[in-house]
Amino acid sequence: QREVERREAFKRQGHGEYREVSEGDFLGEVTRSEKVICHFYHKEFYRCKIMDKHLKTLAPRHVDTKFIKVDAENAPFFVTKLAIKTLPCVLLFSKGIAIDRLVGFQDLGTKDDFSTTKLENVLIKKGMLSKKKKEEDDEDAEYQESIRRSVRSSENLDSDSD
């Protein structure tokens, strides 16, 4: 029951959903929660839409972290102040302080087709998400991804040919 109450308190603070905030609300959103993941994006950039899709999937799974996005065009002060040069840029805040960032897809294999699990694992390693017991469908998706990659790279472990 304590866990349910904790989750409800997080939801009242705007956790559990991925939503857009204005430049005026940004500071309040970032400082009111212990862990915040903020995506600075441009509405016409394809790679920003890819990042949006993954963050939207992760937000309900990780209620202890707040997920927000800010339109970089409408937030010139914070884009300058936080030295954002490349989009998408995901800033990781702990207790209101920017502790790390994901610039483009550098930490995600530099390709557009990275999985949500890959992003989730990077964010877990950076201390922004807590590791959770995975549902069976997640494990199945990860297994299918590993098969696809091994087929693509033509690494057949049972093969006698060199």
Side-chain angles (χ1 to χ4, degrees), residues 2-135 137-138 141-142 145 149:
R2 214 176 291 143
E3 177 64 23
V4 170
E5 288 171 8
R6 194 176 71 84
R7 290 174 71 87
E8 286 304 314
F10 277 135
K11 285 185 179 180
R12 282 193 298 276
Q13 292 178 342
H15 292 238
E17 60 181 344
Y18 178 57
R19 60 193 167 77
E20 185 163 353
V21 297
S22 67
E23 184 175 47
D25 296 335
F26 173 76
L27 215 49
E29 291 287 343
V30 168
T31 55
R32 275 196 294 268
S33 294
E34 189 172 329
K35 292 191 238 173
V36 179
I37 295 174
C38 180
H39 175 208
F40 280 83
Y41 77 100
H42 188 284
K43 60 184 171 284
E44 293 175 21
F45 288 8
Y46 176 68
R47 285 186 147 196
C48 290
K49 290 175 184 172
I50 293 170
M51 185 61 78
D52 260 354
K53 178 187 78 168
H54 293 298
L55 291 174
K56 190 173 188 160
T57 303
L58 289 174
R61 284 195 224 165
H62 298 277
V63 182
D64 52 334
T65 302
K66 184 185 283 187
F67 289 79
I68 58 174
K69 64 180 180 174
V70 176
D71 187 340
E73 271 189 320
N74 298 331
F77 175 78
F78 286 109
V79 167
T80 305
K81 191 82 174 149
L82 296 166
I84 296 168
K85 308 240 185 285
T86 306
L87 297 178
C89 184
V90 178
L91 276 103
L92 312 176
F93 291 90
S94 178
K95 298 178 183 160
I97 299 165
I99 56 164
D100 206 346
R101 63 179 62 201
L102 302 176
V103 178
F105 294 166
Q106 286 175 336
D107 296 326
L108 303 163
T110 67
K111 291 189 172 55
D112 291 0
D113 66 344
F114 66 91
S115 67
T116 303
T117 306
K118 173 86 173 160
L119 175 60
E120 186 176 33
N121 289 336
V122 167
L123 292 170
I124 287 169
K125 280 183 189 148
K126 292 184 179 283
M128 292 307 293
L129 303 178
S130 51
K131 191 147 180 74
K132 294 199 172 197
K133 189 178 167 199
K134 294 188 176 194
E135 288 83 32
D137 60 339
D138 281 349
E142 201 170 338
E145 177 78 0
R149 289 194 191 279

Asp52 meets the side-chain hydrogen bond (donor to acceptor under 3.5 Å, both in side chains) criterion, sequence neighbours left out, with Tyr18, His39, Lys69
Across all chains, not counting sequence neighbours, the side-chain contact (heavy atoms from CB on, under 4.5 Å) partners of Lys35 are Asp64, Thr65, Met128
Worksheet item: Are Arg47 and Asp112 close enough, and set up right, to give a side chain to side chain contact (heavy atoms under 4.5 Å, CB included), and what steps lead you there?
Response: CA-CA 7 Å; Arg47 285 186 147 196; Asp112 291 0; 2.7 Å; yes
By salt bridge (Lys or Arg N to Asp or Glu O under 4.0 Å), Glu73 pairs with (sequence neighbours left out) Lys43
Rounded to the nearest 0.5 Å, the CG atom of Leu108 sits from the CG atom of Leu123 at a distance of 8.0 Å
(request) Compare all side-chain heavy atoms of Lys49 with those of Tyr41 and state whether any distance is below 4.5 angstrom. (result) no
One should read off an interatomic distance between Ile50 CD1 and Lys111 NZ, to the nearest 0.5 angstrom, of 13.0 Å
Backbone N/O of Val21 and side chain of Glu29: donor-acceptor pair under 3.5 Å: no
Please examine the side chains of Ile37 and Leu129, heavy atoms only from C-beta on, and report whether any two atoms are closer than 4.5 Å.
yes
**Asked** Under 4.5 Å between any side-chain heavy atoms of Met51 and Leu119, yes or no?
**Response** yes
For Ala72 and Val79 the tightest heavy-atom approach is O-CG2, 3.6 Å
Contacts of Ser22 meeting side-chain contact (heavy atoms from CB on, under 4.5 Å) (sequence neighbours excluded), chain-then-number -> Asp25
Could you list the donor-acceptor pairs under 3.5 angstrom formed between side-chain atoms of residues 80-100 and any protein atom two or more places apart in sequence or on another chain?
residue: Thr80; atom: OG1; partner: Pro76; partner atom: O; Å: 2.9
residue: Asp100; atom: OD2; partner: Lys126; partner atom: NZ; Å: 2.8

Across all chains, not counting sequence neighbours, the salt bridge (Lys or Arg N to Asp or Glu O under 4.0 Å) partners of Lys118 are none
The side-chain hydrogen bond (donor to acceptor under 3.5 Å, both in side chains) partners of Thr116 (sequence neighbours excluded) come to His54
In terms of heavy-atom contacts, Ser33 and Lys66 come closest through OG-CE, 3.1 Å
* Do the non-hydrogen side-chain atoms of Phe67 and Leu58 ever get within less than 4.5 Å of each other? -> yes
